[in-house]
Q: 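The structure is given below, and queries will be raised subsequently.
Just so it is clear, the structure is predicted and the values come from calculations on it, not from any experiment. Side-chain atoms are counted along with the backbone in the values below, which use heavy atoms only and exclude waters and symmetry mates. Below, chain A is the first sequence line, B the second, and so on; all start at residue 1.
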Amino acid sequence: MNYKDTINLPKTDFPMRANLVKREPDMLAFWDEIDLYTRLREAGRARKKWVLHDGPPYANGALHLGHAVNKILKDVIVKSKTMAGYDSPYVPGWDCHGLPIEHEVEKKIGREIYRTDPSAFRKACRKFATEQIDVQRNGFIRMGVIGDWFNPYLTMNYETEANGIRALARIMENGHIMHDLMTVYWCSDCASALAEAEVEFMDKISPTVDVRMMAIDRSAVMQVFGKQENDADAMSVSAVVWTTTAWTLPANRAIAVHPDFKYCLVRCSINAGADEYLILAEELVASCMARYGVGQHEIIASASGSELVGVEFGHPIDKDDRPVPTIVGEHVTLDAGTGLVHTAPGHGQEDFDLGKRYNLEIYNPVGPDGKFLLDVPHVAGLAVEDGAKVVTELLRSRGDLVCSDVIEHSYAHCWRHKTPIIFRATPQWFVSMERANLRDTALDAIKNVQWVPKWGEARIDGMVRNRPDWCLSRQRVWGTPLTLYTHKQTGELHPDALEIFERVAKKVEQGGIDAWFDLDDSEFIGEDSADYDKVTDVLDVWFDSGATHYSVLDNRCELTNPAGMYLEGSDQHRGWFQSSLLVSAAINGTAPYHSVLTHGFTVDGEGRKMSKSVGNIISPQEVIDKLGADVLRLWVSSTEYEAEMGISQEILIRTTDSYRRIRNTARFLVGNLNGFDLSDCIAWDEMLELDRWAVRTAIILNGEIEQAYESYRFHVICQKLHRFCIVDMGGFYLDVLKDRLYTMPRDSRARRSAQTAMYHILEAFVRWLAPILSFTAEEIWKFVPGDREQSVFLSQWYDGWPKAAMSDGAMEMDFWKKVIEVREEVNRQLEKSREKGLIGSALAADVSLYCSDELRETLSRLGDELRFVTITSSASVQPVESMNNSAEKSDIDGLAIKVAKSEYSKCIRCWHQTPDVGHDEQHPEICLRCVSNISGSGEQRHYV
RNA sequence: GGGUCUGUAGCUCAGACGGUUAGAGCGCACCCCUGAUAAGGGUGAGGUCGGGAGUUCGACUCUCUCCAGACCCA
């Protein structure tokens, strides 16, 4: 007789080899076929909503790991919320306007069209963005992210564009918008402002000038230096400033000094003239004297920069007509020049900031074409470079040019024209942080948000507290327009500004942002168009995305504002979280989200950021193509996301190992449930104790996992899952179970009991996996016995546990805990015997346990079934007193163990070595237990 | 230079309130099994908790400082 045929081995079509790379696309096709996203929405109709609002990735470029981390974390959360019983719609978005796309398009269709036909240019941008979205969408779908992929929100959708305009209207209505000057990079050839990204630094040879600015009140200056008027000998006293941009001298409005530097009063003769006093930084006196060609000089006195503050000097161009104050500038250095810095607030960022701080005039006499305005004396109509020459000559003729020279330095240039850029203070539109208390409103709103991790709150709080007003306007073409009209003479906004927003929005809804640029002004302001200028600026792209709670959440009925969660990388505290907060606070006075979760950036195995030059970049595509999306998802989920997320080949190998173990555990469960029907389930009271332990263990873990999903601690889930597979299942329960499953009659109570437990465990297990290992879970789902939803995602956390299993089972659990400890000690002794060559398989051994009374009482409960726990041919419990010296003490008090090689022959069916093998004439090679199991009523089990 | 973080065995992670020989799984080494088999089981060796200083009877856990790394600014 071939006893092998009488054994119930696991059998399943569920493959051991995952072959995810091939199988995952099939699963995607399945989800597509059953229209999973729609089915989920139908299923969620009556449920409470929980909305994760997607932060729109920029619609340009290949997906990198950062994208993958972000979208997968979102997907895990949305899926877990769905399985927790919420309706959790996910509408992906894309950020479509803005500079990077303009640049890409410029590369494709050339630079000219941008200026000659902005309308065609915008069209090309729209087309480009659409193509990029297609590529990125496919990538995200391949990762197993479930969402409304073919009905996403795009910031360039006509309706979204229109709603962006309306959002701006609400903000203006609430008094947050202001018009003010700000310095911008400016290219005279482009005749437009440049974004930071359009500026490149190149070496440039610039003329430099050292300019004398005469003290208005000589005696006051002398006093600062501790000198009396009569000490001065009536010699002139001047500050000397140095600059590489002589053309900015007409706009001079201050001299900046460092408060901590020492400044000297130097007596010398310049250009063979009469002796005079110059003020120079102490450390630079020598180099200046050398540069000026002065041999003899005398340092008369010195004073600190802070003492000089407030002293007035004559303007370098306007001379006596315009006194210029000395102010504090922390940015002043001693690298070059004189230590006294010519400050023109209309022509530089730092100068502008100082100008704001000291309430100086922000004077910009240079037009968009890079030429001086016609009302500027001396240089009217000249290009700045020519202006510089005229200014220099003027200074020379007046004797105020102390020295002129050239210098080679790194200077900002337009990346298109390679022309040196200039700074121009130009009127821009701002969201004011103070005008209508936006800063305070936002800071308050921050307190009402749950920040995950907690320190996110301090981070964004600090940023909002210290940020400047938000400059909204950009001199670009591909963006949501600032739909304003200003009066040609007064510069005032059109009185109907708020209504105009709505008029424009209506048109934009029909024809996109081009409606604003292309339609005649009379469409919007009728006859007034003669008196008003249309603002042609577009909005900062951060406004587009920052307004999506208004433009998208408020306008799609499946979504909610505020959202349940925003989730992005930690760079977005400054980016999207903040722009969204400010827009929402400006409109509604509240945050647009209940919670904000941030994750770290991906880094390599050494914790360094990924970069081309280091060559440590791993792309999501590469992982998916080699290992599968589920492995990528497992990596994302098993990595703690609060700090940096490390990835390397080794880490991916470990992740794959872990994946395989999880998969095989599922496969073993499935294989042993082959042919199992729900009607085969055994009642809780009828189940063997070990199986009840297993179910209770799973129930405890189930609670922990649900809790971990709820608190977004996915790496903990991965650890617990893995440990469960290895320690609780493979290392104990399933190993012990094999004898019962394989050798007992197919439909025996004991075997069905095991299957009942395995069935419940599998039901829970597949759900634990689903949010993370979505493809694999769905694959397993089809192998779980019983009728069920078409997709695991249409189910919820498992609650089909036997009712009685939920009751207190602490006593039983304690008992098994002890049994497991004993088993571990037995294993240790078995291993020693193996090392000695005494046994190989544990079934070759008989073990004797010499126990204290207490332990003996515990273990003897299992009777003859103890041997199934130890997986040995026999396991006897003896009193300690009967122990002989061949027993080994264990780490457990009151337990010693003796292992002996069994002398009985091996039952070829169950492999146990027992004295009764061959006692049945008909079955000379097997034990009586097996005889009963194949031809009798079957053995009885109560515990194991 | 500033702000917000991170640094526990080769890898991924645990370690309220400071208090016994710092835990787990993987990997590794060795062994077993061949009825989960491109699987499974067992045993074992690995950290003094980034470095240093301090507070304390006592610190991985508190303070300071240094180093390395990340993000955001300057």
Q: Closest approach to the side chain of Arg608(A), judged atom by atom: which nucleotide of G69(B), A36(B), C13(B) is it?
A: G69(B)

Q: For nucleotides G69(B) and U8(B), find the distance between their P atoms and express it as a whole number of Å.
A: 15 Å

Q: If U56(B) has a Watson-Crick or G-U wobble mate with both distances under 3.5 Å, name it; if not, just say none.
A: none

Q: Take Ile726(A) and Thr665(A), find for each the nucleotide of RNA chain B with the closest heavy atom, and name the residue whose nucleotide sits nearer the 5' end.
A: Ile726(A)

Q: Gln649(A) has an atom CD; how far is it from atom C1' of C26(B), in whole Å?
A: 17 Å

Q: Quick check for you: among A36(B), A24(B), G42(B), whose closest atom lies nearest to any side-chain atom of Asn664(A)?
A: A36(B)

Q: What is the pairing partner of A39(B), taking Watson-Crick or G-U wobble pairs with both distances under 3.5 Å in any strand?
A: none

Q: Please measure how far the P atom in A16(B) lies from the corresponding atom in G23(B), and state the result in whole Å.
A: 14 Å

Q: Within the supplied structure, the quantity of interest is the number of heavy atoms (other residues, nucleotides, ligands) at a distance under 6.0 Å from Asn19(A) CG; does it exceed 12?
A: yes

Q: Would you kindly check whether a donor in the side chain of Gln719(A) faces an acceptor in the base of U12(B), or vice versa, at under 3.5 angstrom?
A: yes

Q: Quick check for you: among U43(B), U34(B), G25(B), whose closest atom lies nearest to any side-chain atom of His722(A)?
A: G25(B)

Q: Under the criteria of a ring-centre distance below 5.5 Å and an interplanar angle below 30°, is Trp911(A) stacked with the base of G35(B)?
A: yes

Q: Under a 3.5 Å cut-off for both contacts, is C33(B) paired Watson-Crick or G-U wobble with anything, and if yes, with which nucleotide?
A: none

Q: Give me syn or anti for G23(B), where syn covers glycosidic angles within 90 degrees of 0.
A: anti

Q: Is there a donor-acceptor pair under 3.5 Å between the side chain of Arg751(A) and the backbone N or O of Arg746(A)?
A: yes

Q: For a quick test of reading the model: is some side-chain N or O of Arg660(A) closer than 4.0 Å to OP1 or OP2 of G40(B)?
A: no

Q: Counting only Watson-Crick pairs (N1-N3 plus N6-O4 or O6-N4) and G-U wobbles (N1-O2, O6-N3), all under 3.5 Å, who is the partner of G23(B)?
A: C13(B)

Q: I'd like to know if Arg574(A) reaches the base of C73(B) with its side chain, counting only an N/O donor and acceptor under 3.5 Å.
A: no

Q: Side chain of Arg713(A), heavy atoms from C-beta onward: which of G15(B), G35(B), C33(B) has the nearest atom to it?
A: G15(B)

Q: Determine the interplanar angle of the Tyr185(A) and Phe423(A) rings, folded into 0 to 90°, and report it as parallel if under 30°, tilted if 30 to 60°, perpendicular if over 60°.
A: tilted

Q: Taking only the side-chain heavy atoms of Met16(A) (C-beta and beyond), determine which of A38(B), G35(B), U12(B) contains the nearest atom.
A: A38(B)

Q: Looking at A36(B), C11(B), C33(B), which one has an atom nearest to any side-chain atom of Glu650(A)?
A: C11(B)

Q: Taking the C1' atom of each, how far is G2(B) from G46(B), in whole Å?
A: 41 Å

Q: Is there a Watson-Crick or G-U wobble partner for C5(B) with both distances under 3.5 Å, and if so, which one is it?
A: G69(B)

Q: What is the distance, rounded to the nearest whole Å, between atom CG of Asp735(A) and atom P of A36(B)?
A: 9 Å

Q: When rounded to the nearest Å, what value does the distance between C1' atoms of A9(B) and G15(B) take?
A: 14 Å

Q: Can you tell me how far P in G52(B) sits from the matching atom in C33(B), rounded to whole Å?
A: 48 Å

Q: With a 4.0 Å cutoff (strictly under), does any side-chain N or O of Lys832(A) reach OP1 or OP2 of U43(B)?
A: no

Q: Taking only the C1' atom of each, what is the distance from U48(B) to G58(B) in whole angstrom?
A: 15 Å

Q: Considering only NZ, NE, NH1 and NH2 on the basic side and carboxylate oxygens on the acidic side, decide whether Glu824(A) and Arg828(A) come within less than 4.0 Å.
A: no

Q: Which residue lies toward the 5' end of RNA chain B, Gly730(A) or Ala458(A), if each is placed at its nearest nucleotide?
A: Ala458(A)

Q: Within 45° of the ring axis of Phe868(A) and under 6.0 Å from its six-membered ring centre, is that where the NZ or CZ of Arg941(A) lies?
A: yes

Q: Please measure how far the P atom in U4(B) lies from the corresponding atom in G25(B), and state the result in whole Å.
A: 38 Å

Q: Go through C5(B), A36(B), G27(B) for me and flag the one nearest to the Asp657(A) side chain.
A: G27(B)

Q: On the side chain of Lys609(A), is there an atom forming a donor-acceptor pair with the base of G69(B) - under 3.5 Å, no angle test?
A: no

Q: Rounding to a whole Å, what distance do you find between Met610(A):CE and C71(B):C1'?
A: 15 Å

Q: Is it the case that more than 12 heavy atoms not belonging to Asp893(A) sit under 6.0 Å from its CG atom?
A: no

Q: Can you tell me how far P in G41(B) sits from the matching atom in C5(B), rounded to whole Å?
A: 43 Å

Q: Among the nucleotides A36(B), C72(B), C5(B), which one has an atom lying closest to any side-chain atom of Leu734(A)?
A: A36(B)

Q: Quick one: which of Val766(A), Leu734(A), Ile780(A) gives a side-chain contact (heavy atoms from CB on, under 4.5 Å) with Leu669(A)?
A: Leu734(A)

Q: Can the ring centres of Trp911(A) and Tyr742(A) be said to be less than 6.0 Å apart?
A: no

Q: Counting side-chain heavy atoms from C-beta on, which of G40(B), C26(B), G25(B) comes nearest to Arg654(A)?
A: C26(B)

Q: Among U12(B), C32(B), G35(B), which nucleotide has an atom closest to any side-chain atom of Ile7(A)?
A: G35(B)

Q: For G47(B), give its Watson-Crick or G-U wobble partner with both distances under 3.5 Å, or none.
A: none

Q: Considering Watson-Crick and G-U wobble pairs with both distances under 3.5 Å, what does U61(B) pair with?
A: none

